Amino acid sequence: MGNNYYSSMRINTVIQEMRELLRMEEETQERKWFEKDVSLKDLRKEGAILHPVKIQNKTFGYTDQPVITVTFHTPGGVNNSYYSQGTPVALFLPSSNDICNGQLLSISDRKAEILLYSEDFPDWIDEKNLGIKRLPDNRTFQMMHGVLKRIDKGEDKATQQLFEYVHGIKKQKEIQPLEKKIKVGEHLNQFQLKAVENGLCDAQLQIIHGPPGTGKTTTIVELIQSLRKQGLSIIASAPSNAAVDHLAQQLLNLGLKVLRLGNTAKVNKVVWEHTPEGILSDDKYSRKIKRLKIQAAEYRKMAHQYKRSFGKSEREQRKLLFNEVYAIRDQIRNLSTAYLAQFFESADVILGTPIGLMDKMLLGKKFDVAFLDEAGQCIEPLAWLVLEKANRAILSGDHLQLPPTVISEEAGRKGLATSVLERAINAGVQSDLLGVQYRMTPEIAGFSSRYFYDGKLQTHAESVPESMIFYDTAGAGFDEKRLENSRSTANPEELRIVRENIENWVGKDQSAVFISPYSSQVELAKEELKDVKVSTIDAFQGQEADVIILSLVRSNGEGKIGFLSDYRRMNVALTRAKKKLIVIGDSATLANDKFYKEFVEYAEEVGGYRSVFELMY
């Protein structure tokens with residue numbers, strides 16, 4: 001039997017295992033979002049539901065579907081691991097079984113906008129005591145199972161070959177350097193230039209490894225522009241809407257035509273003009289659609305005149321009026337599709353999250369190159385939804401920062417939390433490291449470079465003494481506490497030190513953010529630190545600020561550090577600051593762990609070690 005037989009057997013085994021982990025994750029999500037035994041009060045405390053919510057506004061979106069804006073109060077802020085842009089949710093009434101499914105278009109600490117999957121607003125929408133709850137993302141699971149089945153059947157040879165490379169079933173030949181040097185932006189450094197040149201070779205799979213602050217987006221954008229000059233078609237994606245928008249903005253800055261698909265409620269104005277909603281709001285398209293929407297609104301108004309207590313003929317009349325509304329809605333959809341078709345054809349790059357790219361207009365369309373940015377945060381089955389759309393794939397990101405979020409601990413442990421980027425690197429796929437970082441001072445960057453990147457990360461900025469300071473709370477009695485009704489740990493004394501000294505740490509016109517790995521500490525900080533942005537480390541990945549204050553929280557006699565032992569989370573935390581990084585922690589608790597012992601030694605080495613007693617007396 002030939003190699004192809006053994007190869008397809010191995011593909012089959014890997015895919016069966018992956019689908020089993022997906023099922024495990026889906027079941028865990030089902031249980032988590034539909035726990036029957038948990039009270040409304042407990043769910044609200046944990047941030048699993050938003051309740052009560054107040055309807056602030058009702059409108060009909062650009063495809064004439066109902067959209068509501070709700071306001072609410074959550075003492076600790078919205079739980080980002082439950083709710084983010086694009087999350088499937090349900091509007092519900094606890095006193096009855098009334099429920100209406102939808103999707104979060106945008107969310108902040110006090111307000112959310114939700115698209116309802118219904119023909120009209122439910123009759124009970126004006127009742128008091130409404131709530132919002134998270135739903136399992138069944139549609140996404142179906143799509144992920146679907147793409148894995150297609151790879152297993154070998155429906156597309158290019159995708160199957162990519163799968164073999166990512167899993168080390170087959171080795172890709174080394175990327176051969178270009179014979180003829182190309183002319184690309186002179187602003188690129190040697191590492192970025194090499195990554196662009198390798199991307200212009202026709203290797204089926206390329207990895208661009210971009211640690212924090214190394215100009216990963218600059219490199220990708222330059223490569224996309226060069227590939228377009230060669231006439232190649234491009235689709236680009238990232239697991240988060242924020243990363244997709246950042247990439248879209250940079251491409252627009254270069255004068256490329258982009259079409260941004262998917263959930264675009266929070267997109268800035270410049271990018272919004274290149275979304276379906278933005279395009280359709282242009283006068284030459286919108287006039288006809290507006291007329292149709294007015295017609296639909298009139299029919300709806302007439303239908304609503306028939307209240308619940310009506311007879312057979314009224315019911316028939318109401319039904320006929322709503323049929324007119326649905327017919328107009330179909331007209332709007334058909335018109336919109338016809339208008340948008342030309343933009344699909346003329347775009348240099350089509351962008352969206354993996355789910356955002358599941359657009360009917362892209363069905364069966366194959367691109368030359370697919371880019372997946374932030375690939376270190378993308379679970380592998382989700383990545384294949386993008387990668388199957390092209391003959392070649394370019395993955396970019398950093399597998400040494402936070403992995404993808406997986407709710408099922410068992411599924412995560414067995415491999416679902418291993419991103420497509422980490423999987424490919426572990427399989428020995430060649431990667432181009434971007435080796436110069438521009439964000440941080442050498443003092444801030446040094447420890448991360450040494451521990452995570454084998455000391456290969458050079459720093460472009462000048463040395464700034466005291467730009468990285470570790471305040472050691474050992475012996476100060478700053479004990480960690482488990483707050484009432486919380487599963488997380490906090491350290492009020494660490495917060496007090498921040499509150500009393502923050503003015504000395506942050507210069508005029510500098511941006512400052514307080515971060516901590518513990519949600520209880522973040523909740524406390526939101527109450528106590530009024531003029532500073534506060535965030536969990538996970539929510540702040542991919543962002544930066546002039547000054548970062550990091551509270552490590554753990555301080556106990558047993559040397560327990562809990563999930564501080566996820567060093568990749570610490571890599572994110574230690575690499576967000578541009579000008580100053582302040583870390584507060586207890587060396588007596590931390591020093592039992594090799595990583596933190598080395599960090600404290602590093603702080604001493606660069607002259608950044610201080611005892612917290614210096615601040616107290």
Side-chain angles (χ1 to χ4, degrees), residues 33 39-61 66-94 99-116 121-122 124-135 240-242 245 263-269 272 277 405 483 485-488 490 495 499 511-516 518-543 545:
W33 312 134
S39 73
L40 212 59
K41 189 180 170 194
D42 287 342
L43 285 168
R44 189 166 56 223
K45 196 164 281 166
E46 199 185 315
I49 64 164
L50 306 174
H51 177 267
V53 301
K54 197 171 167 191
I55 304 280
Q56 190 186 43
N57 190 28
K58 291 185 289 194
T59 181
F60 285 87
V67 174
I68 56 169
T69 305
V70 299
T71 54
F72 47 85
H73 176 63
T74 48
V78 171
N79 187 330
N80 296 103
S81 63
Y82 291 170
Y83 294 102
S84 60
Q85 201 178 344
T87 300
V89 294
L91 182 70
F92 70 99
L93 196 56
I99 188 163
C100 181
N101 291 0
Q103 183 194 36
L104 262 184
L105 294 178
S106 66
I107 186 156
S108 64
D109 273 354
R110 295 285 158 89
K111 191 190 275 192
E113 194 181 13
I114 297 149
L115 173 76
L116 298 178
F121 296 106
W124 44 270
I125 197 159
D126 294 318
E127 302 268 350
K128 287 188 171 63
N129 206 30
L130 293 172
I132 303 283
K133 67 178 174 184
R134 165 77 203 252
L135 294 178
S240 75
N241 279 294
D245 293 335
N263 189 340
T264 55
K266 271 191 151 178
V267 168
N268 72 39
K269 190 171 185 315
W272 187 79
E277 296 96 315
T405 303
L483 299 184
N485 298 324
S486 172
R487 300 179 194 174
S488 179
L495 260 182
R499 202 175 59 243
S511 57
V513 181
F514 173 92
I515 60 175
S516 178
Y518 287 93
S519 56
S520 283
Q521 187 76 334
V522 168
E523 282 173 32
L524 264 187
K526 279 181 178 171
E527 290 168 21
E528 294 193 22
L529 305 175
K530 294 301 177 205
D531 303 323
V532 182
K533 183 175 174 181
V534 174
S535 176
T536 60
I537 295 170
D538 299 43
F540 203 63
Q541 174 152 320
Q543 299 177 66

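Just so it is clear, the structure is predicted and the values come from calculations on it, not from any experiment. Quick note: residue numbers are just sequence positions, from 1.
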Problem set entry | Heavy-atom side-chain contact between Ile114 and Val70 under 4.5 Å | yes
Seminar exercise, completed: Output for pair (Ile537 CD1, Ser519 OG), nearest 0.5 Å, gives 11.5 Å
For this session: Provide the closest heavy-atom pair for Val532 versus Ala512 in the form atom of the first, atom of the second, distance.
Result: CG1-O, 3.6 Å
For this session: Flag the pair Leu93 / Leu130 as yes when at least one side-chain heavy-atom distance between them is below 4.5 Å, and no otherwise.
Result: yes
For this session: Please confirm whether Phe60 and Phe121 have ring centers closer than 6.0 angstrom.
Result: yes
For this session: Walk me through it: do Thr69 and Thr59 pass the test side chain to side chain contact (heavy atoms under 4.5 Å, CB included)?
Result: CA-CA 9 Å; Thr69 305; Thr59 181; 5.9 Å; no
For this session: Calculate, to the nearest 0.5 Å, the distance between atoms OG and CD belonging to Ser535 and Gln541 respectively.
Result: 11.0 Å
For this session: Report the distance from atom CD of Glu523 to atom CD of Glu528, rounding to the nearest 0.5 Å.
Result: 12.5 Å
Exercise. In terms of heavy-atom contacts, does NZ of Lys58 have more than 12 from other residues, nucleotides or ligands at under 6.0 Å?
Worked result: yes
Seminar exercise, completed: Tightest non-hydrogen contact, residues Ile515 and Thr536, listed as CG2-O, 4.5 Å
Exercise. For the residue pair His51 and Pro94, what are the closest heavy atoms and their distance?
Worked result: NE2-CG, 3.6 Å
Exercise. Does the side chain of Ile132 come within less than 4.5 Å of Leu91's, by heavy atoms?
Worked result: yes
Exercise. Between Tyr83 and Ile49, which heavy-atom pair has the shortest distance, and what is it?
Worked result: OH-CA, 3.3 Å
Exercise. To the nearest 0.5 Å, how far apart are OG1 in Thr87 and CG in Leu105?
Worked result: 11.0 Å
Exercise. Going from NZ on Lys128 to CD1 on Ile55, what distance comes out if it is rounded to the nearest 0.5 angstrom?
Worked result: 12.5 Å
Exercise. Mind checking whether Phe72 and Ile107 have side chains closer than 4.5 Å, heavy atoms only?
Worked result: yes
Problem set entry | Residues which pass ring-ring contact (aromatic ring centres under 6.0 Å, His included) with Phe92, listed by chain and number, not counting sequence neighbours | none
Exercise. Just how far is it from atom NZ of Lys54 to atom NZ of Lys111, taken to the nearest 0.5 Å?
Worked result: 12.5 Å
